[in-house]
Amino acid sequence: MNVAAEIEKLREYCKERSIPLTQQRLEVYRELVWSRDHPSPEEIHRHLREKYPTISLATVYNNLEALSRMGFARKINPLSDHARFDGDTSEHCHFICTSCKSVYDVDPKTIKGAIVPDPDSFDHEITRKQIQYVGICNLCINNTREGN
Ligand SMILES: [Zn+2]
Ligand SMILES: [Zn+2]
């Protein structure tokens, strides 16, 4: 994703709705879009603190929640322990490694036999799809092998 273009979209969105866009919200969003590894609020906070030593974790968290409500971020709860956020709000699936807790984007078309439900065949209204595959990533599999 083009970070500058995404930030411009957020600026436009806020301007059109007369929502004040704080510097902190902008920086949280920049960090989220720039980081492609589905960061946790703690990770974003760690990075931002280097530039803004006074920024609190609560501020980061609140801004991520607000960005999610505005449709600029997606909250994913990989293993229902702690939240991770995705700056890419397009329809896509995730693979979550239970060992190293990495979250990767995956294209279900590359997984043979993967079942992607057809919303038209379902008698409820689907407003959002979130498909997660959970397992052990290649890196972790190889690390275990080397350890033996
Ligand atoms: Zn892993
Ligand atoms: Zn993603």
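Indexing begins at 1, ligand by ligand and atom by atom, following the structure's order.
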### Minimum-distance N/O/S atom that D105 presents toward the Zn ion (ligand 2)
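Atom name of the closest N, O or S in D105: OD1.
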
### Task
Determine which of the N, O or S atoms in D86 is closest to the Zn ion (ligand 2) and give its atom name.
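Answer by atom name: OD2.
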
### Message
How wide is the angle at the Zn ion (ligand 1) spanned by C97 SG and C140 SG, rounded to 10 degrees?
### Response
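Computed angle, vertex at the Zn ion (ligand 1), rounded to 10 degrees: 110°.
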
### Query
Would you call E12-K9 a salt bridge at under 4.0 Å N-O?
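No salt bridge links E12 with K9.
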
### Metal-centred angle, the Zn ion (ligand 2) as apex - NE2 of H94, NE2 of H38, 10° resolution
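Vertex the Zn ion (ligand 2), arms to NE2 of H94 and NE2 of H38: 90°.
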
### Query
NE2 of H94 to CG of D105: how many Å apart, nearest 0.5 Å?
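Result: 4.5 Å between the selected atoms.
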
### Query
Between H45 and I55, is there a donor-acceptor pair closer than 3.5 Å when you use the side chain of the first and the backbone of the second?
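Yes, H45 side chain to I55 backbone: donor-acceptor pair under 3.5 Å.
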
### Query
Do you know which of Q24, Q23, R25 makes side-chain hydrogen bond (donor to acceptor under 3.5 Å, both in side chains) with E27?
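Output: one option passes, namely Q23.
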
